[in-house]
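Below: the structure, in structure tokens.
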Amino acid sequence: MSSSSLLTTDGVLDLIESEGIKSGRHVKQPTLQIINIRRVPANALTDVYWAILSDGTNSIEVVISTHLSHLVQSGQLEEYTIVKIKTYQYNVTDDNIHIVSISEIEICQDTDGTSEEQMIGNPVSILDTLHKKDNIKNDGDHYFNLDEDDEWEYDDGDQEEPLTWSEGDEPSNFCDWTIEVQRIVHEQESETALKSHGKHNNKCSIKQGGKGSKENDGSKTNNVKRYHVHKAILSVGPRRSDYFATLFKQSHLSEFATSTSHIPLESSAADSFPALLDYIYTEKMIKFTTKNATAVRHLAHYFGMRPLWKQTSAFIRGDFSLDTAATYLSEAIVYHDEKLELASIAILAENIEEINRRTLTKLSPSSFERIFASPRLKCRSRKLSDIVLKYCQTQGGSVDMSLLMKCTRSEVMPSVSRKAALPLLKVAVAGEEKAGVDMSNTHNVLRARCVETCVEEWKETLAKPLLALECRDKNISRILGASSLEHRDLPLAIQVELLEKALCAAKVELDDVKAELLFREEQVEEFMKKGKSSGKSFE
């Protein structure tokens, strides 16, 4: 019997005739030759063997099931071995990859009782043949040339307009989703808005005869803005939003009933939201500033836009300084950005002596308190008192007694500067009155330290202003540099306390001067006596 007669004609085609598992006597069981076999490590414990089977004309690569691996390892299956394929499976993946798996075989012998030791025929890969046929079938240009189709009428000048988002009630072309941004209004902001809006309503009601109620309804809708967008733009592409990409896959959610997302945002984030949409829709970069950077970074994190988040973080890193730290601190508190918050407090605490009045006005009372409580606080006591005074002056009445006591505790501020002593004393007294407490008999509080400094510097804080106002010579008054008597704004009891202690201090100082003069007179007299005894004249 010839070698080629041992193999099944078109046996390889039998393996790939149809997809699925083939097993049993009722299916074709082709006899084929192994013309190549190789080992592919699957993992640390298992090896997988791939083989090329041939029917003498065509060949195909197959995977040998792991339970047949021992046949290869024992040498029963090797190159040029002829086998009958009894159980096999054929599948084509989505990527058009053909996979044939062999799970049951029978090793065949030739008529002489020995396996073939050479390749039978000159087989070619059956998959290469199939691909060539597919290319011939799909060669549509050979039969139908689209370039010759001149029946379609169009204007070369027409250009396709890009998709854009829109705001308000009228959606732009092909919009299929709406984002409703609800601006979060905090209690303090709402009170301010209501006061200003109430004044406006009063004017409207007078001029228009009771149309103020409509205006009031409009103030509520001003906090909500509607943006019409396209789901495909938001969820696909390098600038996509992972938030919306995930949302649009979950059609069971309630948002799909109205095709609307309701998103509450802080004011600065709501203001930056249109710029975020421009970033997604176009190739424009967002113009970062100290005021909007934290809000944009929050939006990037919220909507799952990592490239934008990295860009914003890089801007903040380069823009962060003592001048911008107060703004970043207030925004970090709003968006619960703990890392940025701690960094802002650290730089402000370490460099508090260099903070200007503009920076102080940006700090909320709670932020100011945290700076003073920071272990990184570095400041001289008297300079610190000047800063506290300056902050109280910029904040008006928002600094309560609790904050004042925490920021001026003796461990942080053991002494007060001459310049800040009297104004801070007025602040402390006003705080006590507002809180309904009396700390006149309490030692080591701000009030006591201010009184102590005023008394120590009685010439500058009390005497000079009195002399300047009492002097009839305006030039002398101007030289003394006093325009008002600040201590007269204090309660009468504190004025009396200041003047009494100042008089005592002046008496002590006067006694010291008298004692010094008396000592010097005695020295002069003694010197004169010595001169007379020696016959010297001091005329």
Side-chain angles (χ1 to χ4, degrees), residues 179 181-190 223 225 239-247 261-280 285-352 354-356 358-378 391 395 398 403 406-407:
I179 302 174
V181 173
Q182 172 74 46
R183 184 184 297 267
I184 299 174
V185 180
H186 298 280
E187 184 177 352
Q188 185 176 2
E189 296 174 356
S190 61
N223 293 326
K225 288 193 175 181
R239 295 189 174 190
R240 69 182 181 277
S241 163
D242 290 341
Y243 171 92
F244 285 110
T246 303
L247 172 67
S261 293
H262 303 276
I263 299 176
L265 293 176
E266 296 287 347
S267 293
S268 54
D271 291 338
S272 300
F273 190 75
L276 182 79
L277 291 179
D278 282 339
Y279 173 85
I280 296 175
M285 296 298 296
I286 295 179
K287 185 178 181 180
F288 300 124
T289 64
T290 303
K291 291 183 178 179
N292 73 5
T294 310
V296 173
R297 191 167 77 144
H298 167 76
L299 289 174
H301 184 268
Y302 185 96
F303 291 110
M305 302 169 65
R306 182 170 178 78
L308 179 59
W309 186 89
K310 293 175 69 174
Q311 293 170 16
T312 318
S313 298
F315 172 83
I316 293 175
R317 194 179 300 112
D319 185 57
F320 190 77
S321 66
L322 181 61
D323 294 333
T324 61
T327 301
Y328 282 120
L329 176 57
S330 61
E331 288 292 288
I333 292 172
V334 170
Y335 296 107
H336 309 288
D337 191 332
E338 184 178 354
K339 186 175 181 180
L340 183 57
E341 195 175 330
L342 293 176
S344 301
I345 290 173
I347 191 173
L348 290 168
E350 290 179 357
N351 302 277
I352 195 168
E354 301 175 27
I355 292 179
N356 55 39
R358 182 187 302 173
T359 301
L360 285 174
T361 59
K362 297 177 182 178
L363 296 173
S364 65
S366 60
S367 299
F368 192 71
E369 179 183 340
R370 290 183 63 185
I371 293 171
F372 271 70
S374 171
R376 296 197 178 189
L377 182 67
K378 295 179 182 178
Y391 182 75
Q395 296 298 314
S398 61
L403 174 61
K406 290 177 181 177
C407 294

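Just so we're clear, the structure is a prediction, and the values are computed from it rather than from any experiment.
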- [ ] May I have the step-by-step check of side chain to side chain contact (heavy atoms under 4.5 Å, CB included) for K378 and I352, ending in yes or no?
- [x] CA-CA 7 Å; K378 295 179 182 178; I352 195 168; over 6 Å; no
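- Every side-chain contact (heavy atoms from CB on, under 4.5 Å) that S268 has, sequence neighbours left out, goes to A295, E331, Y335.
- Note that CG of D323 is 10.0 Å distant from CD1 of I355, once rounded to the nearest 0.5 Å.
- With 3.5 Å as the limit, one finds a donor-acceptor pair spanning the side chains of Y328 and D319.
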Which donor-acceptor pairs under 3.5 Å do the side chains of residues 303-316 make with protein atoms, sequence neighbours left out?
| from | atom 1 | to | atom 2 | distance (Å) |
| --- | --- | --- | --- | --- |
| T312 | OG1 | L308 | O | 2.7 |
| S313 | OG | R297 | NH1 | 3.2 |
| S313 | OG | W309 | O | 2.9 |

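- Annotation for K362: atom NZ counts as buried by contact number, over 12 foreign heavy atoms lying within 6.0 Å.
- The CD1 atom of I184 sits 11.5 Å away from the CD1 atom of I263 when rounded to the nearest 0.5 Å.
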- [ ] Could you please spell out the steps behind the side chain to side chain contact (heavy atoms under 4.5 Å, CB included) verdict for V296 and Y279?
- [x] CA-CA 11 Å; V296 173; Y279 173 85; over 6 Å; no
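- The distance from the CD1 atom of I371 to the SG atom of C407 is 9.0 Å, given to the nearest 0.5 Å.
- Between the side chains of T327 and T324, not a single donor N or O lies within less than 3.5 Å of an accepting N or O.
- Side-chain atoms of Y302 do not come within 3.5 Å of backbone N or O of L265 as any donor-acceptor pair.
- Atoms OG and CG, on S366 and L329 in that order, are 8.0 Å from each other to the nearest 0.5 Å.
- A donor-acceptor pair under 3.5 Å is absent between the side-chain atoms of S272 and the main chain of A269, judged by distance alone.
- The CD atom of E369 sits 10.5 Å away from the CD1 atom of I345 when rounded to the nearest 0.5 Å.
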Open item on the list: For a salt bridge (Lys or Arg N to Asp or Glu O under 4.0 Å) check, start with the C-alpha distance between D271 and R183, then their side-chain angles and the critical distance, and finish with the verdict.
Closed with: CA-CA 9 Å; D271 291 338; R183 184 184 297 267; 2.8 Å; yes
Task: Intermediate values then yes/no, side chain to side chain contact (heavy atoms under 4.5 Å, CB included), L363 and L348 - done: CA-CA 10 Å; L363 296 173; L348 290 168; 4.0 Å; yes
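- Shortest non-hydrogen contact noted between A270 and V181 is CB-CG1, 4.1 Å.
- The existence of a salt bridge linking K339 and D337 is excluded, since no basic side-chain nitrogen approaches an acidic carboxylate oxygen closer than 4.0 Å.
- Atoms CZ and CD1, on R376 and I347 in that order, are 10.0 Å from each other to the nearest 0.5 Å.
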